[in-house]
Amino acid sequence: MEDKKFVTSSGIEINALYTLDKPMTETPGKFPFTRGIQKDMYRGRLWTMRQYAGFSTAEESNKRYHYLLKQGTMGLSVAFDLPTQIGYDSDHEMAEGEVGKVGVAIDSLKDMETLFEGIELEKITTSMTINATASILLSMYIALAKKQGADISQISGTIQNDILKEYAARGTYIYPPKSSMRIITDIFEYCSKEVPKWNTISISGYHIREAGSTAVQELAFTLANGKAYLNAALEKGLDINVFAKRLSFFFNCHNNFFEEIAKFRAARRMWAHITKSLGATDEKAQMLRFHTQTGGSTLTAQQPMNNIIRVTNQAMAAVLGGTQSLHTNGFDEALSLPTEAAAKIALRTQQVIAFESGVTETVDPLAGSFFVESLTNEIEAAAQLYIDKIDAMGGSVNAIENGYIQNEIADAAYTYQVEIEEASRVIVGVNKFTQEQEGITDTLRIDESIRTIQTDKLNRLKEERNNEAVAAALFNLKKAAESTDNLMPFILTAVETYATLGEIADVLRSVFGEY
């Protein structure tokens, strides 16, 4: 009888036994960083335990942030609602039914002030999952830091700001690709001078994976997008040894334990060679630093308590893979935004791994494993084939515009779904070991009245602010958009007059158009 064939989620065949052709000579903290970007990794400093939160109004989200900080969260991660992500104020007709649903509604600097009330921005790091309107939300954050009396050169955090994956996988884009790339490189340039500790982009494989890609595709398409951002910044005349230090990555972590660990190790090695080939000589500009979130699409509505086990497995893989920052999902997130109880268990999962498991006590503990080293090499080779193909098309922007990346993801998603339906891929509680529905009664529900609350706040704001100053700031922004000036100072000025997110986005729409 023929032996059963075992493969990873990316279709890489797994042998029954592994040996290595050559001994390992790489060391942690040294090029090409396969074994980690710090020589002592978690012995020196743990990863940042960053819990993603944001829902309803700024007031409600502020309460959750204070709760998470009291529970031991080391950094905040802000989720914004869909209207905020695509440049509409809460009172816009396109916002109906979506205000405060998948994140917090932020219409103006006034909302940002409420969101971080009682939280000193100089003392925390903040990650904001925002892309098309990243320049506006970052400007609001900078404006708030200035109002708090902070030295803005000392504030730190990350904006996602990765528009290419929006075209490829997620859909919250506004402007055409070339205009979007201009805004992104303007942010790079402005922050390198004014906010040097800010990570100006988090190049995201997370949403590529959530859209159905394999682990290899997630790695390949993310690094190909990273190359596109490097090239765009180089074309603008920026120094790769400066701006590449402020690039970070955002990866997903799914259930195939060893494949995920090998993916993270391969990512560091590949990025080191990509940056070096484009002229980076400073080791810090060659390092791939990344945040990980456990896999949202792996969570099941059936038997939801099983998700605690899945998240633990994924979190452990991220740590063994050398992540710098980690968010663990709540067990109830297949049903709703996480409740406070689910968020606490998710955070405690990280704390147990950090303080009780012992895996942090030595660097890259799986290095030298015949299996892990072989799998790292195989994943790198498979991802490189995709990158070479994308390079031959002229890079990620062209590969996205001609639909190549989207089609590859769609094909992988279809294959995965067929495997589940045919039960060749086992999902516990879904297509095997099923039972009568195990219900969760306590889920988070967002009140439909949020839009009315936000609209009332907007109306008051427009009555109280200096509307002449707003009009002047928006006029100057339009002129800047029509020229080649850096847009960030003009957006910041508009934000400080309390121009709304929608007003600023509309000015840019009037110049760049919509995609």
Side-chain angles (χ1 to χ4, degrees), residues 57-59 62 78 80-81 83-95 99 104-117 121 126 128 130 132-153 155 159 174-175 179 182-183 186-187 189-191 193-195 198 451 453-514:
T57 60
E59 289 85 352
N62 176 262
V78 186
F80 297 97
D81 72 357
T84 303
Q85 292 180 50
I86 53 176
Y88 293 120
D89 290 334
S90 298
D91 60 356
H92 194 283
E93 62 183 4
M94 291 289 284
V99 176
V104 62
I106 300 292
D107 292 321
S108 73
L109 176 57
K110 190 74 82 178
D111 285 329
M112 191 66 89
E113 290 164 6
T114 304
L115 186 65
F116 289 100
E117 191 172 338
L121 301 191
T126 302
M128 295 191 272
I130 197 72
T133 53
S135 57
I136 305 171
L137 272 299
L138 176 58
S139 294
M140 288 180 185
Y141 195 87
I142 293 168
L144 175 58
K146 285 166 71 177
K147 286 191 80 171
Q148 287 187 353
D151 176 356
I152 65 165
S153 70
I155 62 169
I159 40 171
I174 304 173
Y175 319 110
S179 298
R182 173 201 166 170
I183 296 169
D186 280 357
I187 294 170
E189 183 179 48
Y190 175 83
C191 289
K193 295 169 187 163
E194 304 294 333
V195 200
W198 197 269
R451 185 167 183 243
I453 293 166
Q454 285 298 113
T455 300
D456 289 345
K457 285 200 284 187
L458 276 166
N459 291 337
R460 277 200 307 279
L461 175 73
K462 288 174 183 177
E463 286 170 13
E464 292 166 3
R465 70 188 184 180
N466 181 340
N467 284 300
E468 284 180 15
V470 172
L474 294 175
F475 177 80
N476 291 335
L477 173 60
K478 187 167 193 274
K479 290 292 170 204
E482 289 166 346
S483 72
T484 56
D485 290 348
N486 189 305
L487 295 172
M488 280 298 290
F490 297 92
I491 294 171
L492 182 58
T493 299
V495 158
E496 289 178 325
T497 67
Y498 291 91
T500 70
L501 172 112
E503 289 169 336
I504 294 167
D506 281 346
V507 167
L508 298 179
R509 278 187 183 94
S510 73
V511 177
F512 300 143
E514 289 189 86

Legend entry - Neighbour count above 12 (heavy atom, 6.0 Å) for E514 CD: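 Result for CD/E514: enclosed.
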Inset, instruction - Could you tell me whether K479 atom NZ has more than 12 heavy atoms of other residues or ligands within 6.0 Å of it? - result: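 For K479, atom NZ is not crowded (no more than 12 foreign heavy atoms under 6.0 Å).
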Which atoms form the tightest heavy-atom contact between [X] and [Y], and what is the distance?
X: A105; Y: D81; result: CB-OD2, 3.3 Å
X: R509; Y: I86; result: NH2-O, 2.7 Å
X: L144; Y: F116; result: CD2-CB, 3.7 Å
X: L487; Y: A480; result: CD2-C, 3.8 Å
X: I174; Y: A132; result: CG1-CB, 3.6 Å
X: V495; Y: I504; result: CG2-CD1, 3.8 Å

Looking at [Y], is its backbone amide N or carbonyl O close enough to the side chain of [X] to form a donor-acceptor pair, meaning the two atoms are under 3.5 Å apart?
X: R182; Y: A481; answer: yes
X: T84; Y: I106; answer: yes
X: N486; Y: M488; answer: yes
X: E117; Y: N62; answer: no

To the nearest 0.5 Å, how far apart are [atom1] in [X] and [atom2] in [Y]?
X: D91; Y: D456; atom1: CG; atom2: CG; result: 10.0 Å
X: K146; Y: I142; atom1: NZ; atom2: CD1; result: 8.5 Å
X: L458; Y: K110; atom1: CG; atom2: NZ; result: 12.0 Å
X: S139; Y: I491; atom1: OG; atom2: CD1; result: 5.5 Å
X: S135; Y: L492; atom1: OG; atom2: CG; result: 11.0 Å
X: D89; Y: D107; atom1: CG; atom2: CG; result: 4.5 Å

Close side-chain approach of [X] to [Y], heavy-atom, < 4.5 Å:
X: L115; Y: V104; answer: yes
X: L501; Y: L137; answer: yes
X: R465; Y: T497; answer: no
X: Y141; Y: I155; answer: yes
X: P83; Y: H92; answer: no

Legend entry - NZ/NE/NH1/NH2 to OD/OE distance under 4.0 Å, D111 and K457: yes
Inset, instruction - Could you walk me through whether D186 and F490 pass side-chain contact (heavy atoms from CB on, under 4.5 Å), step by step? - result: CA-CA 11 Å; D186 280 357; F490 297 92; over 6 Å; no
Inset, instruction - May I have the step-by-step check of side-chain contact (heavy atoms from CB on, under 4.5 Å) for I183 and F512, ending in yes or no? - result: CA-CA 11 Å; I183 296 169; F512 300 143; 4.0 Å; yes
Inset, instruction - Might you work through the side-chain contact (heavy atoms from CB on, under 4.5 Å) test for Y190 and V195, ending with a clear yes or no? - result: CA-CA 8 Å; Y190 175 83; V195 200; 4.2 Å; yes
